Participant: 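The structure that follows is given in the form of structure tokens.
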Amino acid sequence: MRDGFLVLLAALWCVDQTGVLPLFLLAAAVHEAAHLLVLYLAGGRAQRLTLTACGAVLRCTLPEGRCARAAVCLAGPAASFALTALAGALGWYRLGGASALLGVFNLLPMPPLDGGMALLHLAGGHGTAALRALAALTTLGLLAAGSWLFLHGGGCWLLLIGALAAAQNAKSLASAPAPVYDKHKI
């Protein structure tokens, strides 16, 4: 665990008046466990999982093949949606909502999120300019939606998440002309 994760967790705990933070943490644990399960089933190996202010970072040896690597990336959102369905069937709608939000957000097509990483693996080094453009447009969309919500009384959380995602996306794309094999979560 990095210090930034603990500071962010403490800050969120202080402002969480509805008790939704533990639900998001449970949803995130299920999400990450699915990544690890599929990683092992596909022949990869985890080396280290670090919790940072921007999410979980999984350092690993990835399995062979673009599809296997993409499956590792998409396992987290798939588990999020499975948890959403299970929670809904049990009447645990807040847990279902937290898990759905986590799954949808992680499918955004921008590294270091799962959707962006899956696209990088599937592309196998081709179409890098198009993937970068898609990631940049997604980042701008997040920032625009966050700004609009902030200006119209919807709070600053989406804007903050958009800014963090933009910073991580820029760092990921600037530092790696080839696919980045780190798994980052927000």
Side-chain angles (χ1 to χ4, degrees), residues 2 4-5 7-9 11-12 15-16 18 20-21 23-25 27-28 31-32 34-35 50-59 62 66-67 69-81 84 96-186:
R2 297 279 169 91
F5 174 77
V7 169
L8 179 63
L9 187 62
L12 291 174
V15 299
D16 180 25
T18 62
V20 74
L21 181 61
L23 300 175
F24 270 100
L25 293 174
H31 181 102
E32 294 304 325
H35 284 303
T50 306
L51 301 177
T52 72
C54 293
V57 179
L58 175 61
R59 299 275 182 196
L62 289 167
R66 296 183 304 181
C67 291
R69 291 175 176 186
V72 171
C73 295
L74 297 175
S80 293
F81 298 131
T84 298
S99 189
L101 184 60
L102 182 67
V104 167
F105 183 75
N106 270 281
L107 281 178
L108 290 176
M110 54 190 238
L113 299 176
D114 295 332
M117 296 307 297
L119 287 174
L120 282 174
H121 291 302
L122 289 172
H126 302 291
T128 308
L131 292 174
R132 287 177 190 231
L134 180 59
L137 288 173
T138 303
T139 302
L140 288 175
L142 263 179
L143 291 171
S147 298
W148 187 87
L149 281 173
F150 179 72
L151 292 173
H152 291 88
C156 65
W157 291 108
L158 185 59
L159 183 58
L160 177 63
I161 289 169
L164 287 172
Q168 284 296 316
N169 184 28
K171 180 180 169 187
S172 242
L173 290 174
S175 68
V180 178
Y181 297 127
D182 290 344
K183 296 282 296 113
H184 297 261
K185 303 285 185 274
I186 290 185

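Computed from a predicted model, the values in this text were never measured in an experiment. Nothing fancy with the numbering, it's 1 onward along the sequence.
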Participant: For a 4.5 angstrom cut-off between non-hydrogen side-chain atoms, does Leu119 reach Met110?
Facilitator: no
Participant: Let me know which of Thr138, Leu134, Thr139, Asp114 forms a side chain to side chain contact (heavy atoms under 4.5 Å, CB included) with Leu108.
Facilitator: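 Result for side chain to side chain contact (heavy atoms under 4.5 Å, CB included) with Leu108: Thr138.
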Participant: Counting distance only, does the side-chain N/O of His121 pair as donor-acceptor with the main-chain N or O of Arg66 below 3.5 Å?
Facilitator: no
Participant: Answer yes or no: is there a donor N or O on one side and an acceptor on the other, between the side chain of Ser99 and the main chain of Ser80, under 3.5 Å?
Facilitator: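 The answer is yes, because a donor-acceptor pair under 3.5 Å joins these two groups.
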Participant: Using the test side chain to side chain contact (heavy atoms under 4.5 Å, CB included), find all partners of Leu25 that sit at least two apart in sequence or belong to another chain.
Facilitator: Leu9, Leu21
Participant: Write down the atom of Ala100, the atom of Thr84, and the distance for their closest heavy-atom approach.
Facilitator: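 Reported closest heavy-atom pair: N-OG1, 3.0 Å.
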Participant: Check side chain to side chain contact (heavy atoms under 4.5 Å, CB included) between Leu122 and all other residues, then give those that pass, not counting sequence neighbours.
Facilitator: Cys67, Ala70
Participant: Do you know which two heavy atoms are closest between Leu101 and Phe24, and how far apart they sit?
Facilitator: CD2-CZ, 3.6 Å
Participant: Could you check if a side-chain atom of Arg2 sits within less than 4.5 angstrom of a side-chain atom of Thr50, using non-hydrogen atoms only?
Facilitator: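 They are in side-chain contact.
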Participant: Suppose we screen for ring pair (Phe, Tyr, Trp, His ring centres under 6.0 Å). Which residues come up paired with His152, at least two apart in sequence or across chains?
Facilitator: Trp148
Participant: Minimum heavy-atom separation for His35 and Pro77, please, with both atom names.
Facilitator: CE1-CD, 4.3 Å
Participant: Any chance CZ of Phe150 has more than 12 other-residue heavy atoms, nucleotides or ligands included, within less than 6.0 Å?
Facilitator: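 Atom CZ in Phe150 is not packed in, count stays at 12 or less.
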Participant: Please check this pair: side chain of His31 against backbone of Gly76, looking for a donor-acceptor N/O pair closer than 3.5 Å.
Facilitator: yes
Participant: Can you name the side chain to side chain contact (heavy atoms under 4.5 Å, CB included) partners of Ala28, sequence neighbours left out?
Facilitator: Leu102
Participant: Closest heavy-atom contact between Thr52 and Phe5?
Facilitator: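 Looks like O-CD1, 3.5 Å.
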Participant: Please name all residues satisfying side chain to side chain contact (heavy atoms under 4.5 Å, CB included) with Leu74, sequence neighbours left out, ordered by chain then number.
Facilitator: Leu107, Ala118
Participant: Restricting to non-hydrogen atoms, name the atom on Met117 and the atom on Pro112 that form the minimum distance, rounded to 0.1 Å.
Facilitator: CG-O, 3.6 Å
